[in-house]
Structure formats: C-alpha cells, structure tokens
2 protein chains.
Amino acid sequence: MSNSQPATIEDVARIAEVSIATVSRAIHMPEKVAKSTRLKVNQAIAITGYTPNAMARSLRLGRSNMILVVAPDIGDPNFSSILVGLENEARAHGYGVLIGHTQNDAQRGLEYLKFFNSNQAAGMILFTGILPFGHQTLTARLPPTVGVFEPVFNGGIPYVGVDDVEGARKVVDLLISEGHRRIAFIGDSHTRLAYGRRRSGYEAGLAAAGLPVNRQLILEGDGTVESGRLALEQLFMRDDLPTAFMCVNDQTALGVTLGLKARGYDIPQDFSVTGFDDVPQAGFMSPSLTTIRQPRTAIGKHAMALLLELLSDRAPSETEILLRPDLVIRNSVGPPPPRR
Amino acid sequence: MSNSQPATIEDVARIAEVSIATVSRAIHMPEKVAKSTRLKVNQAIAITGYTPNAMARSLRLGRSNMILVVAPDIGDPNFSSILVGLENEARAHGYGVLIGHTQNDAQRGLEYLKFFNSNQAAGMILFTGILPFGHQTLTARLPPTVGVFEPVFNGGIPYVGVDDVEGARKVVDLLISEGHRRIAFIGDSHTRLAYGRRRSGYEAGLAAAGLPVNRQLILEGDGTVESGRLALEQLFMRDDLPTAFMCVNDQTALGVTLGLKARGYDIPQDFSVTGFDDVPQAGFMSPSLTTIRQPRTAIGKHAMALLLELLSDRAPSETEILLRPDLVIRNSVGPPPPRR
DNA sequence: AACCATGATGTAAACCTTTACATCGGCGAG
DNA sequence: CTCGCCGATGTAAAGGTTTACATCATGGTT
C-alpha cells in the first residue's frame, strides 16, 4: 500500500489499465473521459493514494496555484486575522497561501522574488507598506500584486484596506464632541502612507469644527509602543499639553497610556487617549482603549479576491477598495478636565 | 536584458558558449570546471540575470531546500520570535522556510502533508503540540519533523523547548518564599503536554516545601484569556480562595488579572498572579507580570539545527533539547495579605 | 613512440506532469 | 456498403534541471 516512494501518475495508469494521459484527463477534465474509465481511475487513485506532484505540474504548466503573502513581521497583531481572510478566499478558489517573512530585510525580499521565476507562486500580497526589496530596476517585472492594510508606498499597486481618513475623522469627531479643543496627533510619518491618511482625517476633523491645526501638537512616530512613550515625553518637556492624545495606532496609544500612568495621571479623568486598529489587546488595556476597528478578515478576503481577479487577467474592476471603519468606544475617552 | 521570460540555464550556456552541463557544474561544483570557463559562465549569469528554476531543480533532485513550519495560529505571541530563530538558522545552511497555517483544521494539515509528496519541503517544524492531521494511518510516512515550544502529543517526535518543569518550579518557589501557602494552579490540561509538565513542576515545588497538593486548587484551562477568567469565577464560587494564582501561561494570567480587577481587588496587595512565557505584552500589563521567559529565538535556532541534522541522516545527537527557563520578576507578586 | 591516467567538457536520460496530435472503433447518412 | 464524423484513448514532446557516461585533449611514464 504505502511503499517508500510516493505514487506517480504512472502507477495509477498501470493499475487502472489506461494511459497516463487518460489519468490526467480523468482528474482535470472528467467530462472528456468515459464514465467507466473514470471509475477505474478513481479506484486506482484510491488504492495508490496518489496525489499529483505539484512541482512537476507547475513546471509543465508554467504557473502555480500558490499565493505569496509577504509580511515584515509575522508578529504584527493585525496580521493574523487578515491572513485568515486571505487563506479562506484563496482556498475557495483552489489556491494555497505561502507566507514570506522579510524582517524588513531587502535581501530576504529579493529572495522571495525568485519564487516567481520558478513559478512557485502566481501572485503576491503585500502586508508591508513598501516594496519588500530595495529599489531594484525590476519594478517592470513585478508579479501580480495587491497591498493590504497599508497602501504600498512605491505606488501603482492595487490596495485593500480600511478608509483611514474616515476612521481618523470619526475619532476626532468623538473627541471634539466630548469637549476637547487641544488634541494631539501622535505618529505622523512621511514614509507610511496609512499614517499620513490618518493625519489628513485628523486635520479635516479639526477644520470642520473650526479648530486650528497646531503643528506643535503633531508628533512623529513609527507606530511602536516606544514611539508613543517618546512623543509623550517630548510634549511634557514642552509644557504645552493637549487634553487628548489621538494616536496613529493602538501600539502608540499603549505607549502614551503607559507614560501617562507612569507620571501618575488617570485616564480618562486627566487625559483622553485613542488608538486605531483595535488589536486584540486593545480591550484588555487599562483603561480599555477607544479605537477604530479594522475589518481584518474582510480586508483579507477582498484583497485575495482582487488578486485572483488580476491573475485571471480580466481587467480588475477596481484598484483601491476602502472598507468602512467602525468606532469602538471603550473607556479611554472622557471630557477634558475642568481647567488646566 | 530583462525579457519577458526568465532566463534558463540554456540561455546562459549559449552566451557562455558552453553546454548546459558545464553551467550546472560551474554553479554547484565549481572546482570541477576550469577557472576560465567558470568566469565565462559567471559573466553570462550576470548578463542574463539567471536564477535556477527551483521547481525543476527539486523535481530532478527529488528533494528541496525548504522547511515547512506548521502553526495552528500565526498570531500566537510566542510564534514570531521562534520563527526568527528558525529562519536564521535555516538560511545559514541554505534552506528556506515556508509557513503553514492550520487554524487547527485537520483538513488543512493534510494538505500541507502533500507538500512532501511533491518534495516542496524537505522537513517540518511543528509549533502545534499535536500532529496537525487527524489520526491518519500515515504516521509511518511522516517527513523528518521536530516539535518546538510544546512537546508533540502523538509521541516519538524530537522536541526543542524550555524546561517546563523547572520553569514552573522556579515560579512556585518564588511564591512560597514570599510566604504563600495556598497557591492555585490555573490551566491544567490532559491534552497539552507542556501544561502537564508545568503542573508537575508546581506539585514538585509544593512537595519540596512540605505543602499539600490541594486538588480543589488545580483548575483546568486551555491557555486562553477567557479560560483564566472562567477558572477564577469557579474559585470564587467555591469560596475557598488561594492567596496566589500560578497560571499556566501569560494569557491565562491576563484573564485572572482582569477578573480580579473587575472584582475590585488589587494585585499584588490582595492576590499574587504569575504567568509563563513572557509574551511581549507581559511587561505592559498592569501590574506588569512576573513570569518565566521563553528563550524563543534560541528555541528556534536549536530546533532548526536539530531538524537539519535529521535531514542529513546522521543519527541525531539528541531527541529532546530543554533550554533553561529564566524567572522574570515584575510587579504581580507580593507577600500574601496579613489575614483572610 | 606508444600508452594511459587525468582533467575538462559534452550528450542524453531522467524527474512527473499536461496536452497537441494521432489513432481507433462505432455509428449515422448517403 | 462506404464515407465521414465523433468520442475515447494512446503516443510523445516539452518544461528546466542534474548527472552518469562518453568523448577528447593533454602530458607523463615506460
């Protein structure tokens, strides 16, 4: 039964007493083979436990049914649920998913690019906001690619994510409606498109309320906990404090929260803090964090659907899909303290 | 330069004015080819931008240089750093890493098994404490495999992880030295070997201190936040409280902490809580969590080294590698309250 | 001077598929 | 009865490698 070598199509053919061509057809174009033969073949497959050799198959075909998902950091709390969406959609269409982990190392990114020479993958999903290889000349020879979660910096790449501008807008609007007038934006960035969009939403919200945009209250950050803590320290050094901290993501908000608590302040009594993304830990923070929910599995699903559309080279119906962000109100926002 | 089709070995041969055999040798057995030819070949490779077709290669060779890493949940906070260790070691030996995500679905596990028929992967790292496919007959035809982080339930599979017994022992010893006598163990499990081992350490510690093992204080759990919260409620319903909660992992400890805080208790003034694993969030919890550090990248490194040893079918030097667990003392442990 | 070992290179088979093309038999129409 | 067509199946090539074996030239030994 289970010999040392995996069964090949030839083993099946021998047992079914047909040619290998017929076996192949019985598998891939069943309607082209007589019912009785089909039966024999299926029995033979069951007997041998044959599964087609994927490498030989895609060598012959010149294409594979694998999609490469490239992420700089597998540990990103947003990644896992997006992956689930990607995988489910992929498998529903007969595709599989490989995960590539670049650790922000262009060298590694390049290695994954080789996958496409060998047809080891047919397309690529980019979880990084940037092309994962240094600025090679090869922009031309890029495989079909879709960005998720964060628009791809180098431009021109279809993208699926949440509507960052509107999400940020919802946050500022909430803060303003609570009575805040001095709202800091923590985590501005020139390189991360998503953060830039969130900042636009922030500014739009202020403008709509007739509030000035105070450049002193906009601090840079890279979305890490540490960056939040750091920005907070800078603000305290300047002694020109806001009443609310609108953070570019939940990690940053955690940093701000920790810093504030370390200084002995209470949230939301003394200051309000908001995040963005609603990572799994957001509900467990103390206080639990008011933030924007990312529809993560939906993002994954749409992104994969878009990529498969690209692969079937029907012209893709759209090139940027923006999903609706939902505000999640928890306990980190309150009215500003009476005076300061 | 960059035509539409990727360059093949034949293109290189033509340009270098040698046969394809020589090109292949120049790449894989450079000492077998004259220095002058080697030079020509290398130039031709540079000109064409040739990279070998990995599929054709492993089709011919009957083996690949990819290692499949199977995890039920990519989002597990322990996974990412272990992966880094695995990857670094793999690439140092010319191997690459593929990540398989099973979502605890045996069907998916089986699909990954097909990788080995096609030689898409040469070996497998199991991050799940269990064989990721239902109980197939195929235990015999298992590819070279190493478990990480959690011993593999179905037995006989080499394993690299932390010494759970000793780690747990360090935790109880700490609690006992603080003066605790009634210590609950949250997260016992029949199916998760690591948890069983941690419980052994717990019992050993109690025994060494001459304390009784109270079965009422040992609660089941599956390592989720929710399981921690649940176990806590059970204890409160029984009205027979411990002074310290030793949790099987950090997530469980988070659940216990949240439950305790919801009931208005202070940690560590009213109760002490400990975790295990030192996940990245442990330091950010409030209070910050006293726990056991997993040497995650080291685990990955050793596991991959062991697997590569297995692959080279030198008999592996050892079949279980246990790394030293370190106690990380933070702020969730204190002496028990004066009376109760 | 004849021979052989040695080193460098080329030829062709094999790995496992898929599929264009050929073959074959049967059946309906003329 | 013959022809042509159609459906079912088989034959063989192709896809890009690696490598056993063959070939060839060179230089040293006898």
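- With sequence neighbours excluded, the residues forming a side-chain contact (heavy atoms from CB on, under 4.5 Å) with A:Ser81 are A:Arg296, A:Thr297, listed by chain and number.
- Applying the salt bridge (Lys or Arg N to Asp or Glu O under 4.0 Å) test to B:Arg63 and every residue at least two apart in sequence or in another chain returns nothing.
- Residue B:Phe115 contributes atom CZ, which lies 19 Å from atom P of C:dC16 at whole-angstrom precision.
- Atom pair A:Arg63:CZ and C:dT17:P shows a separation of 16 Å (rounding to whole Å applied).
- Taking atom NZ on A:Lys32 and atom P on C:dC21, their separation rounds to 14 Å, with Å as the unit.
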Could you run down the sub-3.5 Å N/O contacts of the protein with nucleotides 10-17 of chain D?
residue, atom, partner, partner atom, Å
D:dG10, OP2, A:Ser19, N, 2.7
D:dG10, OP2, A:Ser19, OG, 3.0
D:dG10, OP2, A:Thr22, OG1, 2.6
D:dG10, N7, A:Arg25, NH2, 2.9
D:dG10, O6, A:Arg25, NH1, 3.1
D:dG15, N2, A:Ala56, O, 3.4
D:dG16, N2, B:Ala56, O, 3.4
D:dT17, OP1, B:Tyr50, OH, 3.0
D:dT17, OP1, B:Asn53, N, 3.2
D:dT17, OP2, B:Ile9, N, 2.6
D:dT17, O5', B:Tyr50, OH, 3.1

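- Checked by atom type and distance alone, the side chain of B:Ser64 pairs as donor or acceptor with a backbone atom of B:Gln120 at under 3.5 Å.
- Between the CG atom of A:Leu39 and the P atom of D:dT9 there is a distance of 12 Å, given to the nearest Å.
- Applying the salt bridge (Lys or Arg N to Asp or Glu O under 4.0 Å) rule to A:Glu320 yields the partners A:Arg197; only residues at least two apart in sequence or on another chain are considered.
- The CG atom of A:Asn119 sits 17 Å away from the P atom of C:dT17 (whole-angstrom rounding).
- Whole-Å rounding puts the B:Leu61 CG to D:dT19 C1' distance at 10 Å.
- The phosphate of C:dT9 (OP1 or OP2) has a side-chain N or O of B:Thr37 nearer than 4.0 angstrom.
- Among pairs with a residue in residues 75-113 of chain A, those fulfilling ring pair (Phe, Tyr, Trp, His ring centres under 6.0 Å) read A:Phe79-A:Phe127, A:Tyr112-A:Phe115, at least two apart in sequence or across chains.
- Atom pair B:Gln120:CD and C:dC16:C1' shows a separation of 13 Å (rounding to whole Å applied).
- Residues in residues 12-45 of chain B take part in no ring pair (Phe, Tyr, Trp, His ring centres under 6.0 Å) pair, two or more places apart or across chains.
- One interatomic measurement links the two molecules: CE of A:Met29 to P of D:dG7, which rounds to 13 Å at whole-angstrom precision.
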